Amino acid sequence: MTDKTDTLEDDLKTMIVETLALEDVDPQSIETAAPLFGEGLGLDSIDALELALAIHTEFGVRTKENDENNRGYYHSVETLAAFIRQEQGKASVPGA
Amino acid sequence: MSAPTTRVSQDILRLARKGRIVFTVSSYTVLAPFGYVLFALTYALWRGDELLQMRRMQALTAAAYRFMHRWLHLARITRFDVATKLEHLPEGACVVVANHPTLMDVTSIIGLLNGACTVAKPGLYQRRLLRGVLHGSGVIEGAGDNPMGSGRVMDEAVERLGQGFSMVIFPEGTRSPRDKLLPFGRAAFEMACRAKVPVVSVAITCEPVWLSKEQPLFDPPMQTPRLTLATLAIDDPARVDYDSRRLCQVVEGRYQQWFLGQGAQEPSTVAPKDTR
């Protein structure tokens, strides 16, 4: 369980660095609970769009544009991973 | 003059300045509703072709901003020459970016450009009296706290640029602190890359600084603040293969360089660098 949890978080960290071409950032140096925007990793709104596109491509999870919870989902690697698990969980339930 | 006399005259000067500010704010409070009604009437009467209406409303807004700055100049609250020419501006649409030392940046830059589109905070855009006028002027409602909302903002901005309107964006996202520039966001540069229009960098100074985050309205400096705007550079996104990340780095690096050397070199003497 722990391994599975770590894998998604690690995958996300690698995806963030590769998708956003963060040349000076080592994926392992990204703290799982640290903010992605502003004072944390310093991502901006365009980065968020690119990240959403990559998450859709990689994990099949679509981020709704007008979802008022988006800020919470995209707060950190930890919250993003929880969001992906939640959406994947919904998709795996028949009729959901 | 002895020290106590100097102190007394400084106190009188400061009091006089505060009096002028109170007078100006009172004038605004009394006159603003009439202004809103006038804008709303003009908006209603000029209904017709949407793009033409936007241009007219933008020109009217720019004229109102210039009037305001003339008034502030005459009242010796700030010094800003509304006849300043921003040199080397391209003929067509462009994305104008600027540092953001004071609250007067938006009004001064749009006044000089004689109209442009910009992005307003949702809280401002949703105000009942302003919404129609802002919409009619081509102002785009910002994304607020929603990180995914910038997709809509981007689409609308690219559409405006395609229609021939210029966009004014402050890439720091908020007013600059006194001693540094905040990191630049990529939105302005992404707009320019998608619409394939140049980025015009404008350097703004306000000496001594006022209406910044640290120097609020009712705490004016002793000297009359002097606001200056000048073209710093013009960048064609084709030079960086329409890569907004690289374009942002180039422009931000140049601003940092300018900011560090600001004490030694006024922005008006910085030769615009056309990278096209």
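Every chain is numbered from 1 and lettered A, B, ... according to where its sequence line falls, protein lines coming before strand lines. All values reported here derive from a predicted model rather than from experimental measurement. Below, each value reflects all heavy atoms present in this structure, side chains not excepted, and no hydrogens, waters or symmetry copies.
Heavy-atom distances place no part of B/Pro183 under 4.5 Å from chain A, backbone and side chain included. Proximity to chain B (any heavy atom under 4.5 Å) is shown, for A/Leu20, by both the backbone and the side chain. Both the backbone and the side chain of B/Arg152 come within contact range of chain A, with heavy atoms under 4.5 Å apart.
Of all residues spanning residues 22-36 of chain A, none has a heavy atom less than 4.5 Å away from chain B's heavy atoms. Among residues 58-66 of chain A, the residues having any heavy atom closer than 4.5 Å to a heavy atom of chain B are, in sequence order, A/Thr63, A/Lys64, A/Glu65, A/Asn66.
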Ignoring hydrogens and angles, write down the donor-acceptor pairs under 3.5 Å from the side chains of residues 110-124 of chain B, residues two or more places apart or on other chains.
residue  : atom : partner  : partner atom : Å
B/Asn114 : OD1  : B/Arg66  : NH1          : 3.2
B/Thr118 : OG1  : B/Val168 : O            : 2.9

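Between B/Phe170 and B/His100, the two ring planes are parallel [angle under 30°; tilted spans 30° to 60°].
With salt bridges taken as basic N to acidic carboxylate O contacts below 4.0 Å, one links B/Arg245 and A/Glu50. The residues A/Arg85 and A/Glu9 are annotated as salt-bridged, a charged nitrogen and a carboxylate oxygen being separated by less than 4.0 angstrom. No salt bridge links B/Lys196 with B/Asp236; every basic N to acidic carboxylate O contact stays at or beyond 4.0 Å.
Of the listed residues (A/Leu49, A/Asp67, A/Asp47), the one with the most heavy-atom contacts under 4.5 Å to chain B is A/Leu49.
Taking CG of B/Leu229 as the start and OG of B/Ser108 as the end, the distance is 4.5 Å to the nearest 0.5 Å.
B/Arg186 and B/Ser244 are linked by a side-chain donor-acceptor pair at a separation below 3.5 angstrom, with hydrogens and angles left out of the test.
Looking only at side-chain heavy atoms (C-beta outward), B/Pro147 and A/Ser45 stay at 4.5 Å or farther from each other. The shortest side-chain heavy-atom distance between B/Val96 and B/Met167 does not fall under the 4.5 Å cut-off.
The ring pair (Phe, Tyr, Trp, His ring centres under 6.0 Å) analysis of residues 235-255 of chain B, with sequence neighbours excluded, yields the pairs B/Phe184-B/Tyr255.
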Check against side chain to side chain donor-acceptor pair (under 3.5 Å), B/Thr205 and B/Thr228: CA-CA 5 Å; B/Thr205 60; B/Thr228 60; 2.2 Å; yes
